Amino acid sequence: VCASSVQGCSWSVIFVDLDAHNRNRQTLCSLLPRESRSHNTDAALLPCISYPAFAVDDDALYSQTLDKIVRKLKGKYGFKRFLRDGYRTANEDKNRLHYKPAEIKDFDGIECEFPIFFIYMVIDGVFRGNSAQVKEYQELLEKVMFQAFDGNAVVPKYYHVPADFVEAEQKTRGSQKRFPSNTGQDGMLFLWGQAMYNIAKLLVDGLISPKEIDPIHRYVPQQDQRNVSMRYSNQGPIENDVVIHVSLIAESQRLQVFLNTYGIQTQTPQQVEPIQIWPQKELVKAYRFLAINNKLGLSGRPDRPVGCLGTCKTYRILGKTVVCYPIVFDLSDFYLSQDVLLLIDDIKNTLQFVKQCWKMQGRPLFLVLIREDNIKGSRFNPVLDMLASFKKGNIGGVKVHVDRLQTLISGAVVDQLDFLRVNEAEIPEFKSFEELELPKHSKVKRQTSTPNATDLEQQPEINMDEWRLKSTKEILQKFHDCDCLASQAQLASILLQKEGPQFIANDENLMEELERIYRRAGSRKLWSVVRLAASLLTKLVDSLAPSITSILVHGKQVTLGLFGHEEEVISNPLSPGVIKGIIYSKCAQEWEAALQQELVIHIGWIISNDPGLFSGMLKIRIGWIVQAMKHELKIRAGDMPVQDIYQMSPSDVKQLLLEVLQPQHTRRSWLHRRQIDGSLNRTPHGFYDHVWQILERTPNGIMVAGVHLPQQPTLSDMTMYEMNFSLLVEDMLKNIVLPEYRQIIVELLMVVSIVLERNPELEFQETVDLDRLVKEAFSDFQCDRSKLEGAEKQDGMEVFYNTPALGRRGTSCYLTKAVMIQLLQGEVKPSKDDPCSVS
């Protein structure tokens, strides 16, 4: 949200980036109720989910979040801010701004409690008409407030445990009395608490109404949601009945005439004049001038893409009426838009998103841009079916209304970009669609032309190893003589390695030649060539950074890099430039840089719509997911040649990804299930909690693949439920090379946890070497097979990986036996409740 005033005017306009606002709301909702181990809860969520922000419009999510806050943080004197909060405790060193390793455990159980959160609960109860909640927290509040010398009620900032009582309190929680801070820090009143108390009193006494302290209607009672203006409210209607206005735009008159023969009415950019059609990147140029203020050091809106909600509005820019088509139609947004099936899927998903998130009073205006390339060959029928659905008024369950742009624009939301007039001398020249992308002069052909390329056409005619040894002159000659795009792309990659990107021969720039190959291969749907050329040109998807952010806000991390090689972990949102640097440094292999970008885009969309598919996956390791997909292709192929993933269309890659992410089917062998689950880094429910419990009974820690996880200071520095511990466990497992072996290690850790839980008298005396335990279990397994089946011991581990986990002679039996043998080599601690113990 940004306020911008027009020079010479006394009024201000607030410009809201609808897509950014919605992303922020989705980000918060994805973090709630913070029940997963990847998040700790915080009392600061109270003013987020309730007064004054009311940032959650899902009643169930609100209730779950509030329940977690109360359950974890409520005390007799107020709410703790968060667990192990050292602020103002007796143990805290007030002269330092940070804590030393293992120090936060010192604050466990003696955290200060803040009465202000009782006040927030009173206000929340008034808003929601929950009189029982109001009464409960009023009574709690009365016990912790005190009278000042002038008779007024004072809200202490916090209650703390004095130094003399700390040891007893930590030994028995809630046993000691807490004492209030001195009317506030530094002897001053805690004004925030006093202000909130006054508001709560006025509400409870009926002297003000909730509407008076919620002027923009952030909170909407459930019964009133159908009748409220949605201009400002964050609360959506119970049943979103948005009808999206759609204008079909053909890129040329020839295409318009051709579509008309099938009953599809369209307009060309020339026919909608004086309305101008812009790509969203031109709108980005305009928004650069928003809120520029040299005195305040404000540089304007960053160069980030305008999302589909922003392109569904109409704009008045320097006297022009402008509409924009969504980024899914932008050819500069990587090669994904060249896959018509993926484009159709993206259009449906975008319409669903607009339907769910549109909160404005006017209708959203969605431009569908149809290019001549979209209807060539086998692509024609799917596009025709989609256009027919638009004509019928329903596409993918979304209601649409198709009409002429001039008719639809009267009901659209209009934004006046008046801030551009302030800097008219600096304003760039804006270009409309027809100025940027003139239609090709090729004849529009029917669906019998330009069929999709066969797999054979994607195979190069040259041997790369041989041509790497030849001279630049020979390579150039072959490059110009051959007609195979796959060979040309590979020869260009050799020239790029030998001569660099600035190499020019016969007045032709190497990068320009690669761009030509990229475009021609895209038109022919030679996907392996497209991916190779895109990687050599170091192309980057415009929406890559938002997709990575979508993954991160769901409590995951992303790693980029080749399977079996060093990976780069992304744990915070990064700029596109930084992400590009990571991809092209870690994915040096041909094709891989492009494919991994595709997968990030797909995963970002999937995790936003179906996060359950990523359950148990803390790190989304893109290179390992590629490996999982290759395993799936190998399973499908059986005895036939395995399909090359790099030759598959982006839509087929997305479908393969979705199938791999599904829970493992019983039709798969145990080896294949372990290969795929191991490649996905998927863990069972509660896995990290079980590892914590193992660590509590393992003084010398756990080791696997040469990585040691020590008991201390791990248990002192962390809590069971925080992400840092989960990441530490993942770091311990990351050096495992084989996916199926990783999965066996995960199964082993679950077995160890169960054995320890059922045998509280046992404890590991030595470091738990997981590799050694698996080796012993496998050796025992082989001995049994040799005795019972006459099998040779040289069969290798593959048979073990292909054995069911449970059942007679399952892998769990042998793993359990190996664990018990090591445990029984140590001491058995007698229990006083054990009837068999010797006194």
Side-chain angles (χ1 to χ4, degrees), residues 29-41 60-61 64-65 67-68 71-72 551-557 603 606-621 624-625 628 658 660-666 668 670 672-698 702 704 709 714-715 718-734 736 739-758 768 770 804-807 810-812 815-816 819:
C29 290
S30 69
L31 293 172
L32 299 176
R34 298 173 81 91
E35 281 287 1
S36 70
R37 66 169 302 100
S38 57
H39 303 293
N40 199 353
T41 199
L61 185 58
Q64 292 168 12
T65 306
D67 175 70
K68 174 74 180 295
R71 184 161 37 87
K72 294 286 185 181
I551 299 170
L552 296 178
V553 300
H554 280 83
K556 314 292 183 183
Q557 288 190 340
I603 290 169
I606 295 169
I607 202 169
S608 296
N609 292 275
D610 192 358
L613 289 178
F614 295 89
S615 176
M617 297 168 60
L618 180 60
K619 279 189 179 179
I620 310 297
R621 300 172 74 179
W624 282 63
I625 288 177
L658 282 166
V660 165
L661 291 173
Q662 296 293 334
Q664 297 300 304
H665 302 299
T666 54
R668 292 190 175 118
W670 275 91
H672 292 152
R673 289 167 66 174
R674 287 183 172 117
Q675 284 174 333
I676 291 178
D677 277 339
S679 296
L680 294 175
N681 284 234
R682 184 170 273 155
T683 58
H685 178 70
F687 172 72
Y688 302 105
D689 297 349
H690 287 291
V691 177
W692 177 276
Q693 291 159 359
I694 294 172
L695 213 53
E696 289 180 319
R697 308 267 292 279
T698 314
I702 305 169
V704 65
L709 178 62
T714 305
L715 299 185
M718 302 175 185
T719 64
M720 180 190 293
Y721 301 104
E722 65 179 83
M723 178 180 270
N724 285 340
F725 176 70
S726 306
L727 294 174
L728 203 60
V729 175
E730 283 297 322
D731 283 342
M732 179 183 72
L733 300 175
K734 72 178 181 182
I736 298 174
E740 53 268 42
Y741 184 70
R742 183 190 193 279
Q743 203 59 22
I744 284 288
I745 292 294
V746 168
E747 293 173 23
L748 171 59
L749 285 166
M750 296 298 288
V751 166
V752 173
S753 173
I754 292 169
V755 169
L756 290 176
E757 183 181 347
R758 293 177 180 175
V768 180
L770 301 180
L806 301 178
T811 56
S812 293
L815 294 172
T816 302
V819 171

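Bear in mind the structure is a predicted one, so any value in this text is a computation, not a measurement. One is the number of the first residue; the rest follow in order along the sequence.
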By side-chain hydrogen bond (donor to acceptor under 3.5 Å, both in side chains), which residues pair with [X], not counting sequence neighbours?
{"X": "T698", "value": "none"}
{"X": "N724", "value": "E722"}
{"X": "E696", "value": "W692"}
{"X": "T811", "value": "R674"}

Any heavy-atom pair between the side chains of [Y] and [X] that's under 4.5 Å?
{"X": "Y688", "Y": "L618", "value": "yes"}
{"X": "V691", "Y": "L695", "value": "no"}
{"X": "I625", "Y": "I603", "value": "yes"}
{"X": "F614", "Y": "H554", "value": "no"}

Pairwise distance [atom1]([X]) to [atom2]([Y]) - rounded to 0.5 angstrom:
{"X": "L733", "Y": "L728", "atom1": "CG", "atom2": "CG", "value": "10.0 Å"}
{"X": "Q557", "Y": "R621", "atom1": "CD", "atom2": "CZ", "value": "11.0 Å"}
{"X": "I676", "Y": "R682", "atom1": "CD1", "atom2": "CZ", "value": "10.0 Å"}
{"X": "I551", "Y": "M617", "atom1": "CD1", "atom2": "CE", "value": "9.5 Å"}
{"X": "L770", "Y": "I745", "atom1": "CG", "atom2": "CD1", "value": "5.0 Å"}
{"X": "L680", "Y": "Q743", "atom1": "CG", "atom2": "CD", "value": "9.0 Å"}

**Those residues that, when tested against D731, pass salt bridge (charged side-chain N to carboxylate O under 4.0 Å, His left out) (two or more places apart)** =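 Here the qualifying residues are K619.
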**Message:** Tell me whether N681 contacts the main-chain N or O of G678 through its side chain, where contact means a donor paired with an acceptor under 3.5 Å.
**Reply:**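 Yes; at least one donor-acceptor contact below 3.5 Å.
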**Request:** Go through L709 and V704 one step at a time and tell me if the side chain to side chain contact (heavy atoms under 4.5 Å, CB included) criterion holds.
**Result:** CA-CA 9 Å; L709 178 62; V704 65; over 6 Å; no
How close do [X] and [Y] get, heavy atom to heavy atom, and via which atoms?
{"X": "G555", "Y": "M723", "answer": "O-CE, 3.1 Å"}
{"X": "S753", "Y": "H690", "answer": "OG-ND1, 2.6 Å"}
{"X": "L806", "Y": "S812", "answer": "CD2-OG, 3.9 Å"}
{"X": "R668", "Y": "H672", "answer": "CB-CB, 4.3 Å"}

**Prompt:** With T816, which residues qualify under side-chain contact (heavy atoms from CB on, under 4.5 Å), at least two apart?
**Reply:** V751, V755, M820
**Request:** Please list, chain by chain and in numerical order, all residues satisfying side-chain contact (heavy atoms from CB on, under 4.5 Å) with P684, sequence neighbours excluded.
**Result:**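 Result, side-chain contact (heavy atoms from CB on, under 4.5 Å) vs P684: F687, V746, M750.
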